[in-house]
Amino acid sequence: IKATLFEGLARLNASAFHYDYKDYQASFFAGIVQSIRNLDATVDGAEIELVLSPTARLEFLFGASFLDAETEDVGMPDGSIQNRGMPNSPDFTFNGLIRYSWPLQSGTLTFQADANYTDDFCFTVVCHHVEEEDSYWVGNGRITYSAEDENWSVAAFVKNFTDEEYRAFVIDSSSIGFTQSAFGAPRWAGIELRYSWQ
């Protein structure tokens with residue numbers, strides 16, 4: 001569904017979906033060896049996005065997704081057969097953004113802040129304890145000055161301003177004495193300059 005609400009002051013987008021996989025490629029590690037099994041899987045979910053523009057200068061955006069993702073007949077290390085959650089498939093995610101702009105000199109100054117929430121999930125279909133990732137928030141901020149003709153802009157930004165620690169990837173090799181983890185970027189800030197020759 002796509003709808004315009006409140007005489008154009010809001011937009012609503014929403015969808016629901018069902019996937020039925022045959023021979024889904026379920027990837028996992030045994031020691032340092034990566035294995036892939038072709039299994040059946042199902043995914044049910046919904047997504048919703050709401051954009052509010054109460055004034056020409058102010059905008060809010062809210063989005064959420066809901067997932068029920070399951071891989072069937074997974075062979076576990078203890079020999080049992082179980083249905084398991086699909087990798088990298090949190091049950092719930094949320095994102096929000098606020099943006100405010102106002103004229104300044106011969107250009108536009110824009111402030112933007114956003115946040116993203118990810119529910120807990122696993123990195124592999126087997127989901128050993130070390131492959132579980134707890135839920136986390138990541139927030140960002142940005143101030144941009146753009147010229148009236150939009151040929152150039154300058155911005156200052158801070159990403160992950162709470163310095164949230166979370167992992168983006170894990171290889172469980174604990175059976176041979178180590179585990180490899182790749183972490184998301186920590187708090188970092190910078191200045192961005194953009195110029196267009198068009």
Side-chain angles (χ1 to χ4, degrees), residues 1-26 39-72 83-104 107-123 125 133-162 164 166 168-169 184-185 192 194 196 198:
I1 183 174
K2 293 180 179 291
T4 301
L5 309 173
F6 309 119
E7 298 181 351
L9 297 180
R11 300 189 309 275
L12 175 68
N13 302 315
S15 63
F17 51 87
H18 170 77
Y19 292 100
D20 185 1
Y21 289 96
K22 303 299 180 185
D23 294 330
Y24 165 74
Q25 292 185 332
L39 304 170
D40 292 341
T42 57
V43 180
D44 295 297
E47 298 177 343
I48 186 168
E49 179 185 70
L50 178 65
V51 180
L52 302 173
S53 302
T55 72
R57 299 181 183 179
L58 181 62
E59 183 177 58
F60 298 93
L61 184 148
F62 304 99
S65 69
F66 308 86
L67 277 182
D68 180 13
E70 186 175 80
T71 307
E72 301 174 9
N83 292 350
R84 308 288 287 179
M86 292 179 70
N88 299 297
S89 300
D91 290 344
F92 176 69
T93 61
F94 171 82
N95 63 87
L97 177 146
I98 179 173
R99 181 185 296 119
Y100 186 78
S101 302
W102 60 94
L104 182 65
T108 303
L109 187 65
T110 302
F111 169 81
Q112 177 177 305
D114 64 85
N116 301 276
Y117 171 79
T118 302
D119 204 1
D120 57 285
F121 65 94
C122 281
F123 287 102
V125 69
E133 185 68 10
D134 292 334
S135 60
Y136 59 88
W137 283 91
V138 175
N140 310 293
R142 184 182 185 90
I143 297 176
T144 305
Y145 180 78
S146 302
E148 185 176 13
D149 58 11
E150 298 185 350
N151 279 345
W152 64 270
S153 66
V154 58
F157 63 85
V158 179
K159 296 188 177 182
N160 191 8
F161 55 72
T162 60
E164 182 77 11
Y166 62 97
F169 184 74
E192 180 182 279
R194 182 190 64 84
S196 174
Q198 296 181 356

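The chain is numbered in sequence order, starting from 1.
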- [ ] Could you pull out all residues at least two apart from F94 that satisfy ring pair (Phe, Tyr, Trp, His ring centres under 6.0 Å)?
- [x] none
Open item on the list: My understanding is that only residues two or more places apart in sequence, or in another chain, count here; which of them pass side-chain contact (heavy atoms from CB on, under 4.5 Å) with T144?
Closed with: R142, S146, S153, A155
- [ ] Kindly write out the residues that satisfy side chain to side chain donor-acceptor pair (under 3.5 Å) with T93, not counting sequence neighbours, or none if the list is empty.
- [x] S65
Task: Any residue meeting side-chain contact (heavy atoms from CB on, under 4.5 Å) with A14, in chain and number order, not counting sequence neighbours - done: I1, I48
Task: Euclidean distance, L39 CG relative to M86 CE, rounded to 0.5 Å - done: 10.5 Å
Task: Heavy-atom side-chain contact between S101 and E59 under 4.5 Å - done: no
Open item on the list: Rounded at 0.5 Å granularity, tell me how far CD in E192 sits from CZ in F157.
Closed with: 6.5 Å
Task: Set of residues satisfying side-chain contact (heavy atoms from CB on, under 4.5 Å) with respect to I98, sequence neighbours excluded - done: L58, F60, A113
Open item on the list: I need the Y21 OH to T71 OG1 distance, nearest 0.5 Å.
Closed with: 10.0 Å
- [ ] Enter the distance from Y136:OH to N116:CG here, rounded to the nearest 0.5 Å.
- [x] 9.0 Å
- [ ] Tell me, please, which residues at least two apart from D23 pass side chain to side chain donor-acceptor pair (under 3.5 Å).
- [x] none
- [ ] List in chain and number order the residues that pass ring pair (Phe, Tyr, Trp, His ring centres under 6.0 Å) with F62, two or more places apart in sequence or in another chain; answer none if no residue qualifies.
- [x] none
Task: Contact summary for Y145 and G107, nearest pair of heavy atoms - done: OH-N, 3.1 Å
Review item, side-chain donor-acceptor pairs of residues 3-13, under 3.5 Å, at least two apart:
{"unit_1": "N13", "atom_1": "ND2", "unit_2": "E49", "atom_2": "OE1", "d": "3.1"}

- [ ] Could you list the residues that satisfy ring pair (Phe, Tyr, Trp, His ring centres under 6.0 Å) with F111, not counting sequence neighbours?
- [x] none
Open item on the list: Against F121, only a single residue in L67, N88, D134 fulfils side-chain contact (heavy atoms from CB on, under 4.5 Å); can you say which?
Closed with: N88
Open item on the list: If you compare all heavy atoms of N160 against all heavy atoms of A185, which two are closest, and at what distance to 0.1 Å?
Closed with: ND2-O, 3.0 Å
Task: With sequence neighbours excluded, residues passing side-chain contact (heavy atoms from CB on, under 4.5 Å) with L97 - done: L61, R99, Q112, D114
Task: Contacts of type ring pair (Phe, Tyr, Trp, His ring centres under 6.0 Å), residue F17, not counting sequence neighbours - done: Y19
Task: Set of residues satisfying side chain to side chain donor-acceptor pair (under 3.5 Å) with respect to N151, sequence neighbours excluded - done: D149
Open item on the list: Once rounded to the nearest 0.5 Å, what's the spacing between atom OH of Y24 and atom OG1 of T42?
Closed with: 11.5 Å
Open item on the list: Ring centres under 6.0 Å, that's the criterion: do W137 and Y166 meet it?
Closed with: no
